[in-house]
Protein chains: 2
Amino acid sequence: MTIPRAAKTLRRTRIQEEKEEQILEAALDVFSASGFRGSTIDQIAEVAGMSKPNLLYYFRTKEAMHRALIDRVLYTWLEPLRAFDAEGNPETEIRSYIRRKLEMARDFPRESRLFANEVLQGAPHIEDELKGPLKELVDEKAEVIRAWAKSGKIVKCDPYHLIFSIWSTTQHYADFDVQVRAVLGQEHSGEGRFEDAARFLEQLFIGGLRPPDPLGG
Amino acid sequence: MTIPRAAKTLRRTRIQEEKEEQILEAALDVFSASGFRGSTIDQIAEVAGMSKPNLLYYFRTKEAMHRALIDRVLYTWLEPLRAFDAEGNPETEIRSYIRRKLEMARDFPRESRLFANEVLQGAPHIEDELKGPLKELVDEKAEVIRAWAKSGKIVKCDPYHLIFSIWSTTQHYADFDVQVRAVLGQEHSGEGRFEDAARFLEQLFIGGLRPPDPLGG
DNA sequence: GGATAATTTGACCGATTGGTAAACATTACA
DNA sequence: TGTAATGTTTACCAATCGGTCAAATTATCC
């Protein structure tokens with residue numbers, strides 16, 4: 001007698017690992033492109049190259065697939081913010097945070113869109129993650145920024161809105177990619193646009209956060 | 001004999017105007033919350049308070065409703081950018097553009113999310129609008145900004161990425177509202193966050209774009 | 001090689017999807 | 001007030017949805 005679903009075995013088969021990987025890869029494709037409600041199991045099955053019941057053998061429901069995908073991607077997604085270092089020099093820390101976030105927008109646009117879709121539609125599946133781990137991490141980093149502002153290393157500003165603005169400007173290039181391409185036209189839609197964006201954003205944030213020079217020169 | 005659908009009459013009835021208004025209002029609610037694929041006619045019908053076939057009497061298909069909604073909202077949505085004035089003072093123009101965009105994020109979050117959903121999912125229904133009217137408008141305003149930079153009124157920078165960064169930072173407060181609220185927590189989630197955002201963004205952009213003082217003081 | 005467990009699939013289910021047909025109700029207007 | 005046009009609803013359709021089931025196939029291990 002075969003106990004239903006892969007979840008029952010504690011040890012995971014080679015096949016299980018491969019297939020689950022395959023499925024989550026396909027799920028990322030589909031969920032990031034259509035959001036949870038707009039995606040169908042059949043679509044994912046087709047992209048994954050297997051039958052629908054076969055998908056459901058590894059993940060009991062559509063929600064379970066989505067959940068697994070979120071869990072796997074969330075940690076990686078917060079890496080850049082986690083790397084944000086209190087000991088470092090404010091200018092170089094902010095500069096490299098922007099760089100890293102832009103690289104992620106370039107290299108992992110599907111992951112970015114997965115979360116964007118989710119949050120945009122009210123975050124029905126990740127509310128806990130937002131109010132829990134995410135908020136805690138942001139609170140911690142905001143404290144660092146606040147200290148920098150207090151000691152005059154950067155201009156006095158609201159650290160939360162600073163973080164929001166770095167998130168939004170960088171992720172924009174993944175989430176709104178088609179709009180960026182449409183506006184830039186063919187001539188500037190190559191991969192060079194990420195370099196242009198990096199140059200602009202670094203200039204904007206470094207310039208905008210530079211503390212007023214007390215000596216006036 | 002009743003010729004099917006409202007579209008046939010050139011003159012529109014009072015009832016037609018009222019009902020179409022009602023429907024589009026409901027459609028904005030639903031489409032902005034779930035995206036096109038994730039929304040159903042039944043949902044819209046329920047929000048609009050009428051039967052599904054009645055909706056379909058006024059708009060033949062789900063796509064037609066979406067199309068009509070986009071058309072109605074797009075013009076308004078671009079108002080702030082259109083108001084961007086070449087003759088004005090760069091600092092006050094950028095400042096008030098940010099203000100206006102933030103006000104729209106606050107007062108018309110559904111409209112913002114409608115477009116965000118659409119663009120995020122590949123803009124299958126508004127590609128032409130992006131490559132046509134939007135691009136033209138942005139090109140025109142970018143030329144203004146480029147002239148400002150050339151004459152030293154603002155720092156030398158890529159005008160397109162400047163516009164993108166204003167779009168993304170301001171719309172972030174509408175599109176990612178739940179995330180912003182989750183991170184800020186209860187204490188800072190009141191309407192005051194828009195004032196905080198405005199203060200921060202103005203400081204960031206004005207500071208980041210201020211031309212280097214040639215006299216060093 | 002055979003038993004056993006793990007994997008895969010085709011057929012199918014009830015619910016929901018976008019949309020239609022036609023009868024019915026209401027409005028506008030002469 | 002009558003009647004033709006407009007507006008609304010009930011009942012329904014085929015397609016697709018998320019998900020199940022049992023049978024068939026394949027991998028594993030002695």
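Protein chains get the first letters and strands the later ones, always in sequence-line order, with residue 1 at the start of each.
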_Expected output: side-chain A/Glu93 to main-chain A/Asp85 donor-acceptor under 3.5 Å_ = yes
*Roughly, in whole Å, what's the span from CZ in B/Arg60 to P in C/dA21?*
12 Å
*Tell me, what's DNA chain C's dot-bracket, Watson-Crick or G-U with both distances under 3.5 Å, | for other-strand, [ ] crossing?*
||||||||||||||||||||||||||||||
*Under 4.0 Å between a side-chain N/O of B/Ser51 and OP1 or OP2 of D/dT9, yes or no?*
yes
_Please determine whether a side-chain nitrogen of the Lys or Arg among A/Arg100 and A/Glu103 lies less than 4.0 Å from a carboxylate oxygen of the Asp or Glu._
no
*Taking 4.0 angstrom as the limit, do B/Arg193 and B/Asp196 come out as a salt bridge?*
no
*Strand-adjacent residues in residues 34-42 of chain A, judged by heavy atoms under 4.0 Å from DNA chain D*: A/Ser39, A/Thr40, A/Ile41, A/Asp42
_Gap separating the OG atom of A/Ser168 from the CG atom of B/Leu201, nearest 0.5 angstrom_ = 8.0 Å
*asked:* Do the side chains of B/Arg99 and B/Glu202 get close enough for a salt bridge, i.e. N-O under 4.0 angstrom?
replied: yes
*Of all the nucleotides listed (D/dG7, D/dG19, C/dT7), which has the minimum atom distance to the side chain of A/Lys62?*
D/dG19
*Whole Å only: how far is the OH atom of A/Tyr57 from the P atom of C/dG10?*
17 Å
_Looking at A/Asp175 and A/Arg113, is there a salt bridge between them, counting it only when a charged N and a carboxylate O are closer than 4.0 Å?_
no
*Can you list the residues that meet the side-chain hydrogen bond (donor to acceptor under 3.5 Å, both in side chains) rule with A/Arg110, with sequence neighbours excluded?*
A/Glu25, A/Asp29
*Measure from CD on B/Glu18 to P on D/dT8 and round the result to the nearest Å.*
10 Å
*Which whole-number value in Å describes the distance from A/Gln16 CD to C/dA6 P?*
8 Å
*Whole-Å gap separating C1' (D/dG19) and CD1 (A/Ile44)*: 14 Å
Which pairs would a plain distance check flag for residues 126-133 of chain B, meaning a side-chain donor or acceptor within less than 3.5 Å of a matching protein atom at least two apart in sequence or in another chain?
from: B/Glu127; atom 1: OE2; to: B/Lys131; atom 2: NZ; distance (Å): 3.1
from: B/Glu129; atom 1: OE2; to: B/Arg67; atom 2: NH2; distance (Å): 2.5

*Flag yes if more than 12 heavy atoms outside B/Glu18 fall under 6.0 Å of its CD atom; otherwise flag no.*
yes
*Rounded off to whole Å, could you give me the CG-to-C1' distance for the B/Asn54 and C/dA21 pair?*
15 Å
*Roughly, in whole Å, what's the span from CG in B/Leu56 to P in C/dA22?*
17 Å
Sequence neighbours left out, cut at 3.5 Å: what donor-acceptor pairs do the side chains of residues 72-80 of chain A make with other protein atoms?
from: A/Arg72; atom 1: NH2; to: A/Glu21; atom 2: OE1; distance (Å): 2.8
from: A/Glu79; atom 1: OE2; to: A/Arg82; atom 2: NH1; distance (Å): 2.7

Under 3.5 Å, which N/O atoms of the protein pair with N/O atoms of nucleotides 11-14 of chain C?
none

*In whole Å, what is the span from the OH atom of A/Tyr58 to the C1' atom of C/dA6?*
8 Å
_Spacing of B/Leu162 atom CG and B/Tyr97 atom OH [to the nearest 0.5 Å]_ = 9.0 Å
